[in-house]
Structures are given as C-alpha cells and as structure tokens.
Asks: 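One structure, pasted below without further comment.
In this text, all values refer to a predicted model and were calculated from it rather than measured experimentally. All chains are named by letter (A, B, ...) in the order of the sequence lines, taking the proteins before the strands, and each is independently numbered beginning at 1.
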Number of protein chains: 2
Amino acid sequence: MSKSNNVYKDAFNRCLRLLDETQSLPSEPELGTLLGVSRTTVRSILSRMEETGLIAWNKRNKTVLRTPRPEDFFPEEETDSLAEIIERSFMRRLLAGGAEAGMQINELELAREIGVGTTSVREFLIRFSRFGLIEKRRNSHWVLKGFTRAFALELTEIREMFELRSAAAFAALPQDSAVWADLDRLEVEHRQLASDIATRFNEFSELDERLHRLIHRASHNRFIVDFYDVIAMIFHYHYQWNKAEERQRNEVAIQEHLAYIAALKSRDPAKVDTACRKHLKSARQTLLSSIPEGRQAQPADGTLSGTFARA
Amino acid sequence: MSKSNNVYKDAFNRCLRLLDETQSLPSEPELGTLLGVSRTTVRSILSRMEETGLIAWNKRNKTVLRTPRPEDFFPEEETDSLAEIIERSFMRRLLAGGAEAGMQINELELAREIGVGTTSVREFLIRFSRFGLIEKRRNSHWVLKGFTRAFALELTEIREMFELRSAAAFAALPQDSAVWADLDRLEVEHRQLASDIATRFNEFSELDERLHRLIHRASHNRFIVDFYDVIAMIFHYHYQWNKAEERQRNEVAIQEHLAYIAALKSRDPAKVDTACRKHLKSARQTLLSSIPEGRQAQPADGTLSGTFARA
DNA sequence: GTAATGTCTTTTATCGTGAAAAAACATTTT
DNA sequence: AAAATGTTTTTTCACGATAAAAGACATTAC
C-alpha cells in the first residue's frame, strides 16, 4: 500500500454535501478551488458520482439526479490523513497515562502499533517536536519530556508575552482595517453562544481559537502566529481530556472574551492590557488545574503501552 | 546505498586526535562516552586502527604504536551527516540569489541535484520549516518565503523580547548559581579575543553563540531556549555570506558583550536592560544592513537553479 | 562482584519503488 | 480567445527493504 486516497474520499464527501444545494455542479477548475483539490481529484469524484447515479455527467453538463444517501458517503475514518491518524494515536497514548517524562519513544514500535510505515512516524515526530514535548537524541531514540506542570507554565509564559503584544498591536490598527469587521462578527457569535450556552457549550473551543488567532495575526510576526499552533494543539487535546466543569468554564471564558473584545474596540491600551491579562490568567489556571502535580495517572488496565519504554 | 557510515568516520577522526595525547586508549564504554557513539562504533574504530597499524589491540590493552599521519584520517567531506549536507546545499541555493519569495521548492529536484533520496529531503524541509523561511501548501509543494527584510524584523522582534526577559532572569539568579562561573569564563575569553582581535576576529561568532545561549538558558523556558536555534542558524549563514567589515563589526560586538557581562554581574536590572538593548539594537542593524532592500541578487551565470521555480 | 569484552538483536537512517494527487500540456467548446 | 474538457507528465506520499549504529545479553577478566 503506497498511499491512501483519503484526499479523494474526503473531497468526495464534502462534494456530496454540495449536491443538496444545487441542481448542477460548476466547472471542474471551480470545483477544484471550492474543495481545495486538483482537477485530477475532481474528475475522480465526478466519475464516481456518475457511476453511482448521483449525477449525469457529460462534458460541461453535471446534472444532479438524486439527493445523496448516507451510504453514498465514505466512512469518516477513511477520510483522515495519515498524519492525523498518527497524531491522534500518539496523543491518546501520551494523555492516557503511563507516559512519564524521560521515557523513550520507539519509532518502529509506534509504527507497528498504529499500522503505518516508519517514514510517516518519523516525519510526524519531527513535525511534532516543535511543540516541545519530545526531543531527539542524536542518532538515537526520541525522549518524552512529558505533559507536565513545567511544560504548561513555559507555554503560558510565552503565550502571555505574545498575546499582550498582539492585543496592543490590534488595538492600534487603523479604524478602516478589515479586522474590526471580523471582530464584530466574532462578538455576535459569542453573544449567540452565550445565550445558547446550555446546549452549545462545546462549540466554544472553536470560537476561542478563531478569536485568539485573529488577535495574534495583528502582530504581523510569523513566529507569533505560528506559535499559536502549539497553543491550539495543547488546548485541543486538553479540552478532549478534561471535561470537568466544561460548561461552567466555557461560560466564564465567553464573558471574558466579550470583555476583551469590548476593550479592543475601545482601542484604549490600558483597558486592552487589563482584559487580556485577566483572560490569560484564567486560561492558565484552567490548563494548570487539569495537570496533576506529580505525574500522569496510570493506565486503567495496568499495562504499559509498548510505545513508551522506561529509560 | 542505505546509510552512510559518517558517524563512524567522524568518530574515527576524532579518536585519531586522541592518540596524540596518550600511549594507550581507555576502555570501550569510556571511549564511547568520550566520542558520543555506541560501543559498536567504538569497536569498528578500534578494528580499523589495529588494521592500519595505529594501535595494538588485545582485549583491554590498546597500545598506541605510532602517531597518526594525515592519510590516516577520513576525508572531511565524508564525515558530514546527510542532514548537514542537505542543509548546506539548500542554504547555498537560498543565499546565492535567484531565490525570490513565492517560488516553489521541488523536493524531487532538490533530492536529485544533491544526490540523495527524497525522504531525506522531505525530513530536512520539515525540520527546516520551523525557521519560518519556507511553508508547506497542503498536499502540495513547499513555498519559499524568502530571506527578506520582513523576516529579519520579525526574527529580531522575538529575539529582543526573549533576550530581555532572559537577561533579567539571569541577573536575578542566586549568587551561588553555577552560571556566574560560566559567565566569568566567557568574560575572560572575550578579553583574550579582544586583545588578539587582529588575527582571531573570525572566532567571535562561536563566542557570541555561547554567551547568548548561556543567557537564554536562565529563562528556564524551552521555547525561548529552542528559539535560539533559529537565531543561531540565521547568524551562522549570515556571517558566512556577509564578510564586509567583519573585523570591525566583531570588535564593536565584543565591547558590547563586555559591557553586557559587566551589567549582568552588577545584577542591577536597569543596567542589564540598557546593556542588553544596546547590543541587540546593533545586532539588528548588522543583520538588516546585509539584506538588500528589494530582492536578492540574480545568480552570476544568469541561470536559475532548478530547485526553486517561479510560481 | 563489578566492569570489561564478545556476541547477538533491535532500532534508526536511507534508498528505490509505486500509487495518489497535482500540474502541465493539448484539444475542444462556447 | 477565453475557458472549459481531455490527456500526459511530474511530484508527492507512503511503504518495504537493507546497511549502519545502538542497545541488550552472555561471557570473561580483574
């Protein structure tokens, strides 16, 4: 097996959702742009849609024949890229416990357990190393540094430095900048979510990321913008892992965001600074409270995953 | 060819230099630690040394028979790791000109031109991407962002933020911390270099890196420490590229370093801040002055290297 | 009995290979 | 002639295979 066709399958599924809305599909290049894939992939999608009787396809004519049924879709798990599969699998092991700082990471074993080639695992580890959780020993294995309290403190220290600076830069942006419209839109979405908090509290993390990324972008500094990838990754898995009091936490965070947004709109540096600090402080608390003081919990079944071995 | 034995060759050369100093070599594990390689490699080295008549080897007895001759050494170019070869080759292309922002990077072509497999090039690009000079398009090629003025400004902005914080943390370190001895040692080396500047000015960049790394380590923050890799990489190639006024620049920098060291030793936050700012400001000037305003120069022979292609 | 050497096993680093996907080129349609 | 479709070429992605290097285990020496 050389390469999975997840790009095609994922784009196919997304294209199926498009069928609901129109009677005929646009041109091949247009579809390619829409789905973010090449024309080659678009044509594979169209071929299959024709075969399964979803559309009639003759050159420029792509007429929708019927609404897609559940069985037309490829299974969700077949649409993930290898990198996503490896990341999820790796993070599960990391957070599931038994993964103590100093343990060795075995590429070959990780690859075997996930059922992928070693090259993909190696490339994942290299990419992942920038998050500061693992480290490579020259011509040898990787070492796990652990998702510890120290890690969280180091991460938040940088985050606070970067976000205070970005927020200040944001507030100083000219009135006619497009960001103010983006901010208004985010404010509306925050208010909607706040009023619907009882049922939609789990939608907060996506909104959170969008607001912070918008603010960070005002720094116009690629290192600051890129660093948000580290934060986003950590918070993504942290949210999945720590569901305790999720609703209440998010409710508080939404209010802090609204205050933060108001401060930004005031364009008063002092107010921005205060609101930003307040929110970052509680974000840090949330993250820290989810990390046990000493070490990670042991796995439920009492066995150690083979991926991480004691040094 | 699956893997070059550069680890062995490099360790062999380093071991040869050890022969000058002693009549007999230490135990295998000891040698391994000394050279930073495994016993397997140590034994290969000893085997060859025995074969070429450099030593007599019988179990624990490793007697030196003769001083190594130039022809005993492996050629320098055979001791580089693939990663180093690829990095040098890539940076040469990048800095040699003709590499404008927005150009595409072709993995396959790069691999062919350097004469290595695509896997190694891919891994290099992934590792290199954290420097912020290239960016990956999803399921597609890499894009060159270019070694531009904007890049230098973004880099120095972060550097200044991090170093001011690290320097403050450094000055606050307890008197009995080991770093003060390290700092004293560096001060001595700076004074020695200053008095010998006429002949040894090119040794400054190594000293520069050591001082800044020592200071950054005081932050106790892995992201700050790791970020120095970006700075070190840029300055490394920048120094190789821009030799104009090198001696004078280094002379000035040494004096700034001495003032900076004195400020740190005074442990007065205000003095540290002033000295640090002053040095960072001139470092930024030096870097910026080497980057042409508009774009990189065109290659001398008028042809475009195939590695980078217009978008 | 500790620490070395000798031997065997496992892991890492790198390549060539082949399918998926992108990109380039050629042809047709409007 | 601009923009689509049809066709071919190139590049990316991922794998298995193999030599280098590390690591583990067994044996010997002090």
Asks: Taking CD1 from A:I45 and C1' from C:dA21, how many angstroms apart are they, rounded to a whole number?
Replies: 11 Å
Asks: Let me know the distance between OH of A:Y8 and C1' of C:dA19, rounded to the nearest Å.
Replies: 15 Å
Asks: Compute the centroid of each ring, for A:F73 and then for A:F12, and state whether the two points are separated by less than 6.0 Å.
Replies: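 Not under 6.0 Å, so no.
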Asks: Starting at CZ of A:R48 and ending at C1' of C:dA20, how long is that distance when rounded to a whole Å?
Replies: 16 Å
Asks: Please answer whether the main-chain N or O of B:S89 pairs with a side-chain N or O of B:R93 as donor and acceptor at a distance below 3.5 Å.
Replies: yes
Asks: With the sugar-phosphate defined as primed atoms, P, OP1 and OP2, and the base as all remaining atoms, what B/S/- string results for nucleotides 5-14 of chain C, 5' to 3', for protein heavy atoms under 4.0 Å?
Replies: BBB---SBSB
Asks: Could you tell me the separation between the CD1 atom of B:I114 and the P atom of C:dC15, rounded to a whole number of Å?
Replies: 11 Å
Asks: Can you tell me how far P of D:dA20 sits from CD of B:E78, to the nearest Å?
Replies: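 About 14 Å, once rounded to whole Å.
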Asks: A:L35 CG to C:dA21 C1': how many Å, rounded?
Replies: 14 Å
Asks: Give me each pair satisfying salt bridge (charged side-chain N to carboxylate O under 4.0 Å, His left out) with a member in residues 12-22 of chain A, each pair once, sequence neighbours excluded.
Replies: A:D10-A:R14, A:R17-A:E76
Asks: Quick one: B:F12 CZ to D:dA20 P, roughly how many Å, whole number?
Replies: 16 Å
Asks: Parallel under 30°, tilted from 30 to 60°, perpendicular over 60°: which one fits the rings of B:F128 and B:F131?
Replies: perpendicular
Asks: What integer distance in Å separates A:L31:CG from C:dA21:C1'?
Replies: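 Checked: the CG to C1' distance equals 16 Å.
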Asks: Of all residues at least two apart in sequence or in a different chain, which pass the side chain to side chain donor-acceptor pair (under 3.5 Å) check with A:E50?
Replies: none
Asks: Under 4.0 Å between a Lys/Arg side-chain N and an Asp/Glu carboxylate O for B:D226 and A:R130?
Replies: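 Salt bridge: no.
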